[in-house]
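Beneath this line is the structure, given in structure tokens, with notes to follow.
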Amino acid sequence: MEASENLWIAVSIALAIGVIVGIVLAQVARRVSGTYSSATRTQLESLQLRFEDYQQEVSSHFKTTANLVAQLNRSHQEIQEHLSQGAVDLSPDDITRQRLLAALEDAPVSRARPNGDPLFDSLEPPRDYAPKGKGGPGTLSEEYGFKHKS
């Protein structure tokens with residue numbers, strides 16, 4: 001009987017020591033994870049501030065670009081008006097005036113590179129499929145990629 005009492009006492013002492021060690025380890029783990037979480041939180045806040053600054057810069061960039069494009073359009077319109085007024089004021093006769101005004105209204109947009117080559121080889125939109133090959137079916141064909149058994 002005395003051996004079983006000693007066994008129960010040893011088990012109780014081991015259980016108490018295990019509970020105390022578990023509590024100590026939990027406190028240490030909480031402190032260590034607390035320092036990591038505060039560092040992580042600080043890093044997250046820093047990244048969030050950088051992202052907000054970046055968003056502000058992008059917004060400012062596009063606002064400035066829109067203002068500059070509007071200013072460019074106004075300048076272009078003012079140049080057209082100046083040229084039209086100059087054609088009216090400086091042309092010697094009515095026929096020349098009409099030709100100058102028509103040339104200003106129908107000014108062609110250059111579609112050539114400085115060396116004279118066309119800017120676009122073709123004005124065809126890009127395709128999202130392959131065109132038909134030499135006599136074979138195109139990729140949108142029902143039979144594309146299938147071999148029929150004879």
Side-chain angles (χ1 to χ4, degrees), residues 11-150:
V11 168
S12 298
I13 292 173
L15 180 65
I17 291 173
V19 168
I20 291 171
V21 169
I23 290 172
V24 169
L25 286 177
Q27 292 295 329
V28 169
R30 187 178 302 146
R31 286 184 185 166
V32 169
S33 69
T35 58
Y36 285 131
S37 67
S38 68
T40 305
R41 187 177 300 121
T42 303
Q43 185 180 13
L44 177 64
E45 289 172 357
S46 170
L47 287 173
Q48 190 168 4
L49 288 174
R50 285 178 49 202
F51 178 69
E52 288 172 0
D53 289 342
Y54 177 74
Q55 283 181 323
Q56 289 288 6
E57 288 178 20
V58 168
S59 175
S60 173
H61 168 76
F62 283 112
K63 186 176 180 180
T64 303
T65 302
N67 288 336
L68 290 173
V69 168
Q71 182 181 358
L72 180 66
N73 287 336
R74 283 191 303 272
S75 296
H76 181 264
Q77 185 177 6
E78 289 174 4
I79 290 171
Q80 284 291 96
E81 290 172 1
H82 175 72
L83 289 173
S84 297
Q85 187 63 37
V88 169
D89 293 343
L90 301 175
S91 61
D93 57 4
D94 197 33
I95 295 172
T96 307
R97 181 180 306 128
Q98 293 299 328
R99 285 183 183 169
L100 288 174
L101 290 174
L104 286 174
E105 290 176 5
D106 298 334
V109 176
S110 175
R111 296 204 181 272
R113 294 186 180 110
N115 63 2
D117 293 338
L119 187 59
F120 301 107
D121 294 336
S122 70
L123 296 177
E124 187 175 321
R127 298 181 183 150
D128 58 351
Y129 62 91
K132 280 186 176 184
K134 297 177 184 174
T139 55
L140 295 180
S141 172
E142 296 276 329
E143 292 83 32
Y144 182 77
F146 293 107
K147 295 181 181 177
H148 294 286
K149 294 181 181 179
S150 301

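These figures come from a predicted structure and were not determined experimentally.
- Partners of I17 according to the side-chain contact (heavy atoms from CB on, under 4.5 Å) rule, which considers only residues two or more places apart in sequence or in another chain, are I13, V21.
- Scored by the side-chain contact (heavy atoms from CB on, under 4.5 Å) test, T96 finds S91, P92, D93, L100 as partners (sequence neighbours excluded).
- Between L44 and T40, every side-chain heavy-atom pair lies at or beyond the 4.5 Å cut-off.
- For S84 (side chain) and Q80 (main-chain N/O), a donor-acceptor pair under 3.5 Å exists by modelled atom type.
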Donor-acceptor list for residues 55-71 side chains, cut-off 3.5 Å, not counting sequence neighbours:
from, atom 1, to, atom 2, distance (Å)
T64, OG1, S60, O, 2.9
T65, OG1, H61, O, 2.8
N67, ND2, K63, O, 3.4

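- Rounding to the nearest 0.5 Å places CD1 of I23 at 8.0 Å from CD of Q27.
- Using a 4.5 Å heavy-atom cutoff, the side chains of H76 and I79 are not in contact.
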